[in-house]
K.L.:
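Below is the structure I would like to discuss, written out as structure tokens.
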2 protein chains.
Amino acid sequence: MANRHADTIADELEDMILDGRFANNDRLDEVQLAQRFSVSRTPIREALQRLTQAGLVEQIPRRGAFVRQPGAIELIEMFEVMAELEAASARFAAMRMTDAALGDLNDANEKCLKAMQDQDADSYYRENERFHHIIYAQSGNSFLEAEAKRLHRRLKPFRRLQLRLRGRLRQSMSEHESILEALANGDPEMAAEVTRQHVAVQGEKFHHLIATLKIAAE
Amino acid sequence: MANRHADTIADELEDMILDGRFANNDRLDEVQLAQRFSVSRTPIREALQRLTQAGLVEQIPRRGAFVRQPGAIELIEMFEVMAELEAASARFAAMRMTDAALGDLNDANEKCLKAMQDQDADSYYRENERFHHIIYAQSGNSFLEAEAKRLHRRLKPFRRLQLRLRGRLRQSMSEHESILEALANGDPEMAAEVTRQHVAVQGEKFHHLIATLKIAAE
DNA sequence: GTCAAGTTTTTTGTATACAAGACGTTCAGA
DNA sequence: TCTGAACGTCTTGTATACAAAAAACTTGAC
């Protein structure tokens with residue numbers, strides 16, 4: 001986007017935070033990071049600014065930058081919004097998408113199915129992501145696509161978690177089928193509703209998961 | 001958010017861009033801005049980074065920062081997304097909102113009506129904004145509220161434009177009534193649908209407006 | 001032993017200095 | 001006159017220097 005160093009540093013830090021390599025409220029020391037990346041504080045500060053804007057970091061004046069992992073409530077809220085963005089994408093896609101794209105979507109879904117049967121988690125994630133990204137793109141609304149991708153990426157590590165729940169994968173596949181059907185039929189309302197449920201249930205599953213973890217921790 | 005100078009400078013520049021005080025593709029010279037704000041380039045650069053993240057400015061490596069006014073297509077896309085965010089807010093609000101908030105909403109709407117009768121544009125804008133912000137807040141989803149506010153603010157100058165169209169104000173008021181009714185009845189689907197239309201029509205009106213301007217310019 | 005005020009030490013925020021890439025200009029050659 | 005390459009200037013990106021504010025530590029009184 002802008003400069004070379006600050007740019008790549010921001011990306012790396014973003015990955016590190018999203019991968020959970022920092023605990024919540026960890027302080028990101030500028031000089032430490034500068035040494036770690038072998039640059040001065042300037043590009044580090046620019047990177048931290050970017051992460052702050054992205055909501056991954058909170059900067060408190062004269063205090064420093066702290067990683068800001070979303071809490072349970074905020075995550076549920078984010079899943080709710082994600083469900084709406086996906087539902088909107090699907091509604092538009094039902095009206096606007098090309099036959100070629102529908103073919104791609106089918107392809108992604110079949111590969112998802114195959115990955116599930118092969119117990120190939122990495123492949124499943126990749127194709128599942130492709131499935132959803134195709135829908136965003138086929139909304140015919142670049143702005144919506146960008147917003148959906150942004151939030152999708154933000155939620156990525158948490159989606160991974162909830163997919164571990166027993167039976168969730170199979171259920172998810174069946175939901176994909178319904179989405180495909182609605183899109184193929186060009187039924188906007190159905191596509192929106194089915195997609196909303198598909199994503200919303202992820203949020204709920206996630207909720208169950210953390211509730212379970214909390215109980216287990218007691 | 002972070003530091004004092006860069007912060008206020010970013011806000012000022014944002015206002016200037018949103019107010020249309022810069023033409024599209026205007027280059028924002030760092031030293032010029034630094035002199036203008038009586039600071040060094042450092043806080044200017046931080047401000048520009050923020051504006052870039054907000055989508056108001058495009059930074060091209062080794063070339064500089066350019067103001068990036070959204071084109072007609074992008075604006076229509078943004079209105080489409082705004083309609084979805086508002087519809088989602090309204091759907092949740094229909095299920096979650098308090099009686100007190102419903103009263104506030106009624107109050108805002110009545111003041112809108114009065115402002116329209118008084119031809120008091122400023123007052124109308126203020127109360128209309130309050131009306132919508134109440135709905136965001138009553139979605140019970142802080143994340144959604146924040147996203148809606150962000151986009152709402154971004155579209156502000158363009159909403160102003162389209163409201164100048166003949167008869168739009170009266171129509172807008174009648175749409176508000178429908179929204180209120182759906183919310184009062186606690187009907188999520190109706191609230192979502194009516195709200196979506198209310199905002200979507202703004203996008204369409206805006207489209208008409210620029211089409212008209214284009215014709216007039218020929 | 002505890003609390004508080006003063007001092008030292010860190011750390012952020014800003015200014016300035018320096019390096020390197022992009023653009024414009026000029027001058028030579030066809 | 002047009003093309004193109006070398007030079008010079010300008011601007012961005014990064015490093016460093018400095019100032020101010022906050023945190024941490026010391027010291028003294030109770």
Side-chain angles (χ1 to χ4, degrees), chain A residues 1-18 20-70 150, chain B residues 1-18 20-70 150:
Chain A
M1 191 187 301
N3 38 34
R4 236 195 73 264
H5 276 168
D7 216 354
T8 57
I9 290 169
D11 286 345
E12 274 195 57
L13 281 177
E14 185 174 329
D15 285 340
M16 290 170 81
I17 293 174
L18 288 179
R21 274 192 266 177
F22 289 109
N24 193 24
N25 282 50
D26 265 7
R27 179 163 153 278
L28 296 173
D29 190 276
E30 295 183 0
V31 295
Q32 227 172 293
L33 291 172
Q35 288 176 344
R36 188 162 177 177
F37 287 100
S38 304
V39 293
S40 80
R41 277 175 51 218
T42 311
I44 298 292
R45 282 180 64 82
E46 297 203 357
L48 291 179
Q49 286 258 129
R50 275 187 50 177
L51 295 179
T52 298
Q53 280 297 104
L56 298 170
V57 159
E58 184 173 10
Q59 273 179 309
I60 303 175
R62 291 272 171 205
R63 296 286 299 269
F66 300 85
V67 319
R68 197 179 159 299
Q69 297 286 14
R150 195 166 57 93
Chain B
M1 193 186 301
N3 37 36
R4 237 196 73 262
H5 276 168
D7 214 356
T8 56
I9 290 170
D11 286 346
E12 274 195 58
L13 282 177
E14 186 174 329
D15 284 339
M16 290 171 81
I17 293 174
L18 288 179
R21 274 193 265 178
F22 289 109
N24 193 24
N25 282 51
D26 266 6
R27 179 162 152 278
L28 297 173
D29 191 277
E30 295 182 359
V31 295
Q32 230 172 287
L33 291 172
Q35 287 176 346
R36 187 161 176 179
F37 286 100
S38 305
V39 293
S40 81
R41 278 174 52 219
T42 311
I44 298 291
R45 283 181 63 82
E46 297 203 356
L48 290 179
Q49 286 257 128
R50 274 188 49 178
L51 296 179
T52 298
Q53 281 298 104
L56 298 170
V57 159
E58 184 174 11
Q59 273 178 309
I60 303 175
R62 293 268 170 208
R63 296 285 299 272
F66 301 85
V67 320
R68 197 178 159 300
Q69 296 286 13
R150 195 166 58 93

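Labels below follow one simple rule: chain letters A, B, ... track the order of the sequence lines, proteins then strands, and each chain is numbered from 1.
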K.L.:
What's the CZ-P distance between A/F66 and D/dA22, to the nearest Å?
P.N.:
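In whole Å, D/dA22 P lies 13 Å from A/F66 CZ.
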
K.L.:
To the nearest 0.5 Å, tell me how far A/Q69 CD sits from A/E58 CD.
P.N.:
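Taking CD in A/Q69 and CD in A/E58, the distance rounds to 13.0 Å.
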
K.L.:
Check whether any side-chain N or O of B/R63 sits under 4.0 Å from OP1 or OP2 of D/dT11, and answer yes or no.
P.N.:
no

K.L.:
Rounded to whole angstrom units, what separation is found between the CD atom of A/Q35 and the P atom of C/dT10?
P.N.:
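To the nearest whole Å, that distance equals 13 Å.
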
K.L.:
Return the value, rounded to whole Å, for the distance between atom CD of A/E30 and atom P of D/dA23.
P.N.:
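Nearest whole value for this atom pair: 15 Å.
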
K.L.:
Check each of A/I44, A/L33, A/V57, A/T8 against A/L13 using the side-chain contact (heavy atoms from CB on, under 4.5 Å) test, and report the only one that passes.
P.N.:
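The residue from A/I44, A/L33, A/V57, A/T8 that satisfies side-chain contact (heavy atoms from CB on, under 4.5 Å) with A/L13 turns out to be A/L33.
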
K.L.:
Check the phosphate of D/dT11 against B/R45, side-chain N and O only, distance under 4.0 Å to OP1 or OP2. Yes or no?
P.N.:
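It does not, given that no N or O in the side chain of B/R45 lies less than 4.0 Å from OP1 or OP2 of D/dT11.
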
K.L.:
What's the spacing between A/M16 CE and A/L56 CG if we round to 0.5 Å?
P.N.:
13.0 Å

K.L.:
Rounded to the nearest angstrom, tell me the gap between atom CG in A/D29 and atom C1' in D/dA22.
P.N.:
14 Å

K.L.:
Rounded to the nearest Å, what distance is computed from the CD atom of residue B/E46 to the C1' atom of nucleotide C/dT14?
P.N.:
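Roughly 9 Å, once rounded to whole Å.
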
K.L.:
Under 3.5 Å, which N/O atoms of the protein pair with N/O atoms of nucleotides 15-21 of chain D?
P.N.:
residue : atom : partner : partner atom : Å
D/dA15  : OP2  : A/S40   : N            : 2.6
D/dA15  : OP2  : A/S40   : OG           : 2.8
D/dA15  : N7   : A/T42   : OG1          : 2.9

K.L.:
Measure the CD-CZ distance between A/Q49 and B/R50 for me, rounded to the nearest 0.5 Å.
P.N.:
7.0 Å

K.L.:
Before accepting this row, confirm whether a basic side-chain N of the pair A/R21/A/D15 lies closer than 4.0 Å to the acidic partner's carboxylate O.
P.N.:
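Between A/D15 and A/R21 there is no salt bridge, as every charged N stays at least 4.0 Å from the carboxylate O atoms.
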
K.L.:
Rounded to whole angstrom units, what separation is found between the CD1 atom of B/I60 and the P atom of D/dT11?
P.N.:
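Rounded to the whole Å, the gap is 16 Å.
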
K.L.:
Could you give me the CA-CA distance, side-chain angles and deciding distance for B/D29 and B/R41, then say whether salt bridge (charged side-chain N to carboxylate O under 4.0 Å, His left out) is met?
P.N.:
CA-CA 10 Å; B/D29 191 277; B/R41 278 174 52 219; over 6 Å; no

K.L.:
Please report the distance, rounded to the nearest Å, between CG in A/L28 and P in C/dT11.
P.N.:
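For the pair A/L28 CG and C/dT11 P, the rounded distance is 14 Å.
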
K.L.:
Take atom CG of B/L33 and atom P of D/dT11, then tell me their distance rounded to the nearest Å.
P.N.:
12 Å

